[in-house]
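Here's the structure, in structure tokens; my notes come after.
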There are 2 protein chains.
Amino acid sequence: MPVAISPERMPAYKRIQETILKRIETGQLRPGEPVCSERELARIHGVSLMTARHALAGLEREGRVERRRGAGTFVAMPKVHFNKLMSYTEQMAGRNLAISSKVLSLKIVQDEPEVALRLSLPATARLLKLERIREAGNEPFALETCYLSAAEFAGLHRDSVKRGSLFSLLERDFGLEIAHADEEIDATQPDPAMVRLLAIPRDVPLLRIRQVIYSKQGKPSIYVLGLYRADRHIVHIRRFR
Amino acid sequence: MPVAISPERMPAYKRIQETILKRIETGQLRPGEPVCSERELARIHGVSLMTARHALAGLEREGRVERRRGAGTFVAMPKVHFNKLMSYTEQMAGRNLAISSKVLSLKIVQDEPEVALRLSLPATARLLKLERIREAGNEPFALETCYLSAAEFAGLHRDSVKRGSLFSLLERDFGLEIAHADEEIDATQPDPAMVRLLAIPRDVPLLRIRQVIYSKQGKPSIYVLGLYRADRHIVHIRRFR
DNA sequence: AAGTGGTCTAGACCACGGC
DNA sequence: CCGTGGTCTAGACCACTTC
């Protein structure tokens with residue numbers, strides 16, 4: 001969670017946003033209920049109308065609030081998070097499946113130049129390669145292979161990876177700020193090694209998802225190759241016209 | 001394309017946006033080049049600074065323009081359209097493949113209640129069902145089955161469907177305004193009928209994409225079940241943290 | 001130093017919605 | 001009718017970038 005900056009040097013419009021967000025998050029303000037009007041906010045916070053407007057307009061852009069001319073401003077209905085980048089751990093948290101993962105290997109490789117290129121690194125760069133089996137209820141569901149710059153993420157050890165989510169580890173220990181990921185999805189027939197690893201019949205196709213995960217600075221930081229048994233996984237996305 | 005409202009009753013900030021957009025689209029203003037500053041715009045259009053600001057802020061939200069404090073406002077780099085909803089025809093337009101489609105059948109069905117439910121129609125509603133083979137270079141690539149409310153889209157005939165994109169047909173002849181689509185992606189083994197229809201080997205998996213396409217009014221209007229040979233299709237999406 | 005965008009004021013009129 | 005959000009003015013100071 002981002003630490004709140006001292007409210008001293010925070011712009012007025014942002015202060016107003018935070019007080020409203022706090023009231024939404026604590027449940028004092030429920031979805032559909034009216035938020036203070038622009039004029040009320042201006043009076044309460046001792047700012048001009050334009051500033052109060054700016055605050056509400058920002059919240060509307062973020063989808064937290066809905067504005068209806070002539071009627072007022074209302075807390076938006078709870079967000080459905082579309083196209084949200086989540087780790088396997090996070091995705092499974094919503095279900096009541098006992099999810100675990102098994103580290104197959106964590107090593108440094110230098111012979112996968114095509115991956116290095118995806119990460120905008122020189123073809124000869126040293127890469128951390130992490131292979132994991134994802135399981136739910138002790139049944140293997142997927143194989144995920146992550147690649148990271150060995151130079152940038154030096155000090156990543158098998159022990160730290162074994163417990164908990166890689167995302168939160170990288171965010172906490174390496175200050176990585178994840179912004180977005182570009183994904184390519186197709187499907188393949190499992191090869192014999194995959195059939196054995198995932199303990200699946202030969203005729204279950206695998207969803208293959210290649211992710212390049214970018215930091216807020218726009219740097220490609222992680223490359224993930226995931227193979228998911230297609231009879232147990234569905235990808236949900238929303239597209240816009 | 002939305003018809004331009006008479007500029008008489010158009011807000012000043014919107015007029016300013018349009019003049020800038022026109023200069024971008026005609027190539028007078030190229031990506032990376034500076035747009036007039038707030039102060040210039042205010043002077044040129046005879047409006048206050050806040051109004052000029054409002055115009056630029058809107059363009060920035062839409063990703064048309066990039067603002068850098070202390071430096072200026074610049075035309076944004078050409079948009080990469082992520083998570084953009086496009087018909088098969090539109091997707092293929094970018095490639096230099098001769099794409100065509102063959103209508104297998106267009107009929108009215110009443111025995112697929114699960115589809116009716118996806119369209120928020122009563123289970124017994126009559127549905128238009130359109131089955132098409134998509135081909136590129138005379139090679140079959142995909143099977144797409146579209147469902148629409150027979151009541152709402154009465155008058156859709158085989159002849160009109162045979163030429164051109166279904167999307168543009170519905171947008172033009174039925175005033176359908178498409179807003180977004182929710183997709184589910186997984187993969188399956190082709191059954192014998194699919195092997196024959198697509199003329200593929202048995203071991204090529206199929207990407208299965210189920211789309212519910214919504215109108216701007218929020219009504220689910222089209223349901224599409226697509227089966228794409230996975231060795232010839234990749235789905236691209238962007239996810240956000 | 002000059003110019004830019006970011007924040008802000010203290011007002012104004014309009015169009016729209018609900019009562 | 002009154003209150004709401006939507007647009008707009010004519011200024012102001014600040015932080016920042018570029019030169």
Side-chain angles (χ1 to χ4, degrees), chain A residues 4-21 23-24 29 31-77 217-218, chain B residues 2 4-21 23-24 29 31-77 217:
Chain A
I5 309 297
S6 61
E8 320 302 331
R9 293 273 166 247
M10 191 183 289
Y13 80 93
K14 211 158 194 176
R15 277 200 332 262
I16 298 176
Q17 289 178 340
E18 304 241 329
T19 70
I20 294 173
L21 284 178
R23 285 208 288 158
I24 292 176
L29 233 41
E33 288 182 359
V35 176
C36 298
S37 74
E38 300 176 347
R39 289 162 179 80
E40 277 178 293
L41 284 175
R43 188 175 47 75
I44 293 170
H45 290 86
V47 299
S48 81
L49 206 48
M50 281 298 280
T51 302
R53 250 193 92 60
H54 189 31
L56 289 180
L59 291 179
E60 181 179 46
R61 266 206 315 283
E62 293 166 18
R64 306 301 302 257
V65 124
E66 188 183 333
R67 319 187 75 193
R68 291 202 292 275
R69 180 190 334 206
T73 301
F74 306 85
V75 179
M77 288 301 151
Q217 292 75 38
Chain B
I5 310 298
S6 62
E8 320 302 330
R9 293 270 166 251
M10 191 183 289
Y13 79 92
K14 213 159 192 172
R15 276 199 333 262
I16 298 175
Q17 289 178 339
E18 304 241 331
T19 70
I20 295 173
L21 284 178
R23 286 208 288 157
I24 293 177
L29 233 40
E33 288 183 358
V35 176
C36 298
S37 73
E38 299 176 348
R39 288 161 180 82
E40 277 178 293
L41 285 175
R43 187 176 47 75
I44 293 168
H45 290 86
V47 298
S48 81
L49 243 183
M50 282 298 284
T51 301
R53 252 193 90 60
H54 189 31
L56 289 181
L59 291 180
E60 180 180 46
R61 266 207 316 281
E62 294 166 18
R64 306 300 302 257
V65 124
E66 187 184 334
R67 318 187 74 195
R68 290 203 294 273
R69 172 172 13 188
T73 301
F74 305 85
V75 179
M77 287 301 150
Q217 291 76 38

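FYI, side chains are in, hydrogens and waters are out, and symmetry mates aren't considered; it's all heavy atoms of this structure. Residue numbering restarts at 1 for every chain, and letters A, B, ... go by the order of the sequence lines.
Between A/L56 atom CG and D/dT4 atom C1' there is a gap of 11 Å when expressed in whole angstrom units. Atom CZ of B/F74 and atom P of C/dG3 are 15 Å apart (whole Å).
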Between B/R61 and A/R61, does the side-chain contact (heavy atoms from CB on, under 4.5 Å) criterion hold? Intermediate values first, please.
CA-CA 9 Å; B/R61 266 207 316 281; A/R61 266 206 315 283; 2.4 Å; yes
I need a per-nucleotide contact map over nucleotides 6-16 of chain C, read 5' to 3'. Cutoff is protein heavy atoms under 4.0 Å; write B for the base, S for backbone only, - otherwise.
BBBBB----SB
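Between the B/Q17 side chain and the B/A55 main chain, a donor and an acceptor come within less than 3.5 Å of each other. Panel note: side chain A/E40, backbone A/S37; a donor-acceptor pair is recorded below 3.5 Å.
B/T51 and B/A12 make their closest contact through CG2-CB, 4.1 Å (heavy atoms, listed as atom of the first residue, atom of the second, distance).
Neither OP1 nor OP2 of C/dT4 sits under 4.0 Å from any side-chain N or O of B/T73. Between A/S37 and D/dG3, a side-chain N or O to OP1/OP2 separation shorter than 4.0 Å is absent.
Cation-pi geometry between B/R67 and B/F74 is not met at under 6.0 angstrom from the ring centre and within 45 degrees of the axis.
A salt bridge is defined here as a Lys NZ or Arg NE, NH1 or NH2 lying under 4.0 Å from an Asp or Glu carboxylate O, and B/R23 with B/E18 fails to meet this definition.
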